[in-house]
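Structure, as structure tokens:
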2 protein chains.
Amino acid sequence: MPDGADKKPSRIQQRNRGLILDAALDVFSKHGYRGATLDQIAEAAGLSKPNILYYFDGKEEIHVTLLNQLMETWLDPLVTLDPDGDPLQEILGYVQRKLDMARDLPRESRLFAGEILQGAPRMAPHLVTDLQPLFDEKCAVIRAWMEKGALATVDPRHLIFSIWATTQHYADFDAQVQVLLRDDPDRHGGAAEYLATMFTKLLRP
Amino acid sequence: MPDGADKKPSRIQQRNRGLILDAALDVFSKHGYRGATLDQIAEAAGLSKPNILYYFDGKEEIHVTLLNQLMETWLDPLVTLDPDGDPLQEILGYVQRKLDMARDLPRESRLFAGEILQGAPRMAPHLVTDLQPLFDEKCAVIRAWMEKGALATVDPRHLIFSIWATTQHYADFDAQVQVLLRDDPDRHGGAAEYLATMFTKLLRP
DNA sequence: TCGTGTCTTTACCAAATGGTAAAAATTGCC
DNA sequence: GGCAATTTTTACCATTTGGTAAAGACACGA
């Protein structure tokens with residue numbers, strides 16, 4: 001049994017847990033927690049349902065594992081924000097990294113969005129322990145930049161919200177964006193340019 | 001049977017259909033389509049499950065009815081954008097109306113977000129028939145303003161996306177916003193001020 | 001190659017869920 | 001009040017779904 005705090009996961013164990021988590025990310029991000037079924041995950045992973053339950057205690061554990069893994073990836077671009085860098089370039093770099101993530105990891109973005117949309121029932125603790133301290137810390141950094149006169153003064157909290165909202169929008173609302181931008185061959189480039197302009201005009205002292 | 005194209009819905013029919021739709025809006029916006037159950041809707045409406053099915057053909061019809069009703073409300077602020085008004089004031093007014101809607105109709109915002117997040121399986125037609133023409137029309141209006149020199153030039157499509165993203169964020173990601181802004185007594189006012197600043201700096205010629 | 005521990009399958013199950021049939025109650029019109 | 005039409009309840013049902021038990025297949029070190 002691969003339960004609990006085992007010492008060494010076998011080759012097979014590592015491969016199958018990976019297959020399952022990747023399949024589950026697909027299914028959960030497409031249908032939401034309750035909309036996803038173990039059968040769908042099993043089929044997508046190419047394993048039988050009882051076999052899935054050999055590697056994970058249940059549907060919820062798979063979801064929680066995914067959310068835990070996601071948290072690190074998700075916060076990384078903000079962690080990278082360097083208090084000693086050039087303020088405007090740091091912010092614009094952050095915007096760009098978030099936008100790239102929306103393009104490269106849309107499943108992760110939607111998984112996260114779905115969880116928050118439903119009130120973060122399985123992630124509220126993470127928000128308080130992981131996100132909140134980081135958020136407060138980076139708000140302080142930005143506020144210091146503004147007080148130094150290196151950036152125009154705005155509420156750093158709403159600034160960060162607007163960065164999250166505008167970048168993640170391209171992943172989370174992709175179905176809508178696709179309809180409205182149907183024949184644009186360079187959606188990503190257009191978004192990148194627009195957002196760089198917007199945040200530059202907002203923040204240039 | 002209240003099926004099909006009846007002539008006049010009775011008093012009871014109007015009241016109960018209203019109760020059901022309001023309850024369903026609650027439940028669907030909280031748990032998503034597949035996460036919502038008829039039993040939950042029935043209990044929230046104060047009716048029995050078979051009674052619910054007397055008024056609606058099934059779960060899907062309730063959801064679709066809700067989505068249809070929502071579409072009009074949802075697009076209204078954009079419809080109101082007046083080509084003959086003052087360009088910057090029109091845009092800022094639009095932002096404000098959208099932000100007010102996020103505050104006053106969070107259930108509707110989340111219902112919409114959930115539907116799009118999952119690929120708009122029950123709303124794709126609406127997007128093409130209702131949203132797309134309106135979007136194109138208003139993009140043209142904004143582009144004309146820019147060519148006239150009344151607004152700084154940016155891509156109107158991404159401009160609209162950024163307005164949607166930043167305003168709806170406060171409803172759709174409320175669980176997150178609440179954690180991060182825990183003790184702010186004036187979240188709405190702060191957001192309004194921030195967004196007005198941002199779009200003014202972006203668009204003022 | 002043999003045996004032990006790891007992995008996979010087969011055959012289930014109980015609960016939840018969307019939905020139905022038909023009887024019972026109620027409403028509203030004459 | 002009487003009666004037809006509307007509304008509501010009771011009693012079900014079939015399917016789906018998360019999960020389990022236990023037998024069987026397989027890997028791998030001695």
Side-chain angles (χ1 to χ4, degrees), chain A residues 1-28 30-67 114 118 121-122, chain B residues 1-28 30-67 114 118 121-122:
Chain A
M1 256 181 258
D3 267 351
D6 285 318
K7 306 278 170 174
K8 292 175 190 177
S10 76
R11 212 81 48 80
I12 295 176
Q13 233 169 97
Q14 235 177 311
R15 176 176 55 89
N16 283 354
R17 280 184 70 100
L19 283 174
I20 293 168
L21 287 175
D22 189 69
L25 177 56
D26 247 42
V27 177
F28 280 132
K30 229 175 261 163
H31 306 291
Y33 179 72
R34 296 210 47 194
T37 71
L38 285 178
D39 291 288
Q40 285 173 303
I41 295 173
E43 200 200 322
L47 298 172
S48 68
K49 180 165 65 173
N51 205 2
I52 300 267
L53 291 165
Y54 171 74
Y55 290 101
F56 289 91
D57 270 349
K59 185 182 178 180
E60 178 149 0
E61 204 204 284
I62 301 178
H63 195 244
V64 168
T65 303
L66 235 30
L67 253 22
Q118 311 209 337
R122 273 167 269 281
Chain B
M1 254 180 260
D3 268 351
D6 284 319
K7 306 278 171 174
K8 292 173 189 174
S10 75
R11 212 79 50 81
I12 293 175
Q13 235 171 93
Q14 235 175 311
R15 175 176 54 90
N16 282 355
R17 281 183 70 100
L19 283 175
I20 293 168
L21 288 174
D22 189 70
L25 177 56
D26 248 43
V27 177
F28 280 132
K30 228 174 263 164
H31 306 291
Y33 178 73
R34 296 207 51 194
T37 71
L38 285 178
D39 291 288
Q40 286 174 303
I41 296 173
E43 199 199 324
L47 298 172
S48 69
K49 179 166 64 174
N51 204 3
I52 300 269
L53 291 164
Y54 171 74
Y55 289 102
F56 290 90
D57 271 348
K59 186 181 177 180
E60 178 150 1
E61 204 205 284
I62 301 177
H63 195 244
V64 168
T65 303
L66 234 30
L67 253 24
Q118 313 210 333
R122 274 165 268 280

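What you see below is based on every heavy atom in this structure, not just the backbone, and it leaves out hydrogens, waters and symmetry mates. Throughout, a chain's letter reflects where its sequence line sits, starting with A, and its residues are numbered from 1.
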Distance in angstrom units between B:Gln14 CD and D:dT7 C1', rounded:
16 Å
Distance in angstrom units between A:Arg17 CZ and C:dT6 P, rounded
15 Å
Checking B:Glu43 side chain against B:Gln40 main chain: does a donor-acceptor pair fall under 3.5 Å?
no
Round to the nearest Å and state the distance from A:Phe28 atom CZ to D:dG18 atom C1'.
12 Å
Side-chain heavy atoms of A:Arg34 within contact of B:Thr37, under 4.5 Å:
yes
Does the cation-pi check pass for B:Lys59 over B:Tyr33, that is, NZ or CZ under 6.0 Å from the six-membered ring centre and within 45° of its axis?
yes
For atom NE2 of B:His31 and atom C1' of C:dT17, their distance in whole Å
15 Å
What residues form a ring pair (Phe, Tyr, Trp, His ring centres under 6.0 Å) with A:His31, not counting sequence neighbours?
none
Go nucleotide by nucleotide along DNA chain D from the 5' end; which of B:Asn16 and A:Thr37 gets its closest nucleotide reached first?
B:Asn16
Under the side chain to side chain contact (heavy atoms under 4.5 Å, CB included) criterion, do A:Ile52 and A:Ile62 qualify, and how do the steps go?
CA-CA 10 Å; A:Ile52 300 267; A:Ile62 301 178; 3.9 Å; yes
Could you list the protein-to-nucleotides 19-29 of chain C atom pairs, N/O on both sides, closer than 3.5 Å?
unit_1 : atom_1 : unit_2  : atom_2 : d
C:dG19 : OP2    : B:Lys59 : N      : 2.9

Counting distance only, does the side-chain N/O of B:Arg17 pair as donor-acceptor with the main-chain N or O of B:Tyr55 below 3.5 Å?
yes
Taking 4.0 Å as the cut-off, does a side-chain nitrogen or oxygen of B:Tyr54 come that near to OP1 or OP2 on D:dT8?
no
A:Gln13 side chain near C:dT6 phosphate (N/O to OP1/OP2, under 4.0 Å):
no
On DNA chain C, more 5' by nearest nucleotide between A:Arg34 and A:Asn51 is A:Asn51
Spacing between B:Ile52 atom CD1 and C:dG18 atom P, to the nearest angstrom:
11 Å
Would you classify A:Ser48 as touching base, sugar-phosphate or nothing, given that sugar-phosphate means primed atoms plus P, OP1 and OP2, and contacts are heavy atoms under 4.0 Å?
base
Base, sugar-phosphate or nothing for A:Ala42? Non-hydrogen atoms, less than 4.0 Å.
nothing
Could you state the atom-to-atom distance from CD of A:Glu61 to P of D:dG18 in whole Å?
15 Å
Could you check B:Arg122 against B:His63 for side chain to side chain contact (heavy atoms under 4.5 Å, CB included), going step by step and ending with a plain yes or no?
CA-CA 9 Å; B:Arg122 274 165 268 280; B:His63 195 244; 3.3 Å; yes
Grab the CG-C1' distance between A:Asp39 and C:dA11 for me, whole Å please.
15 Å
A:Arg15 CZ to C:dT8 C1', in whole Å, measures 12 Å
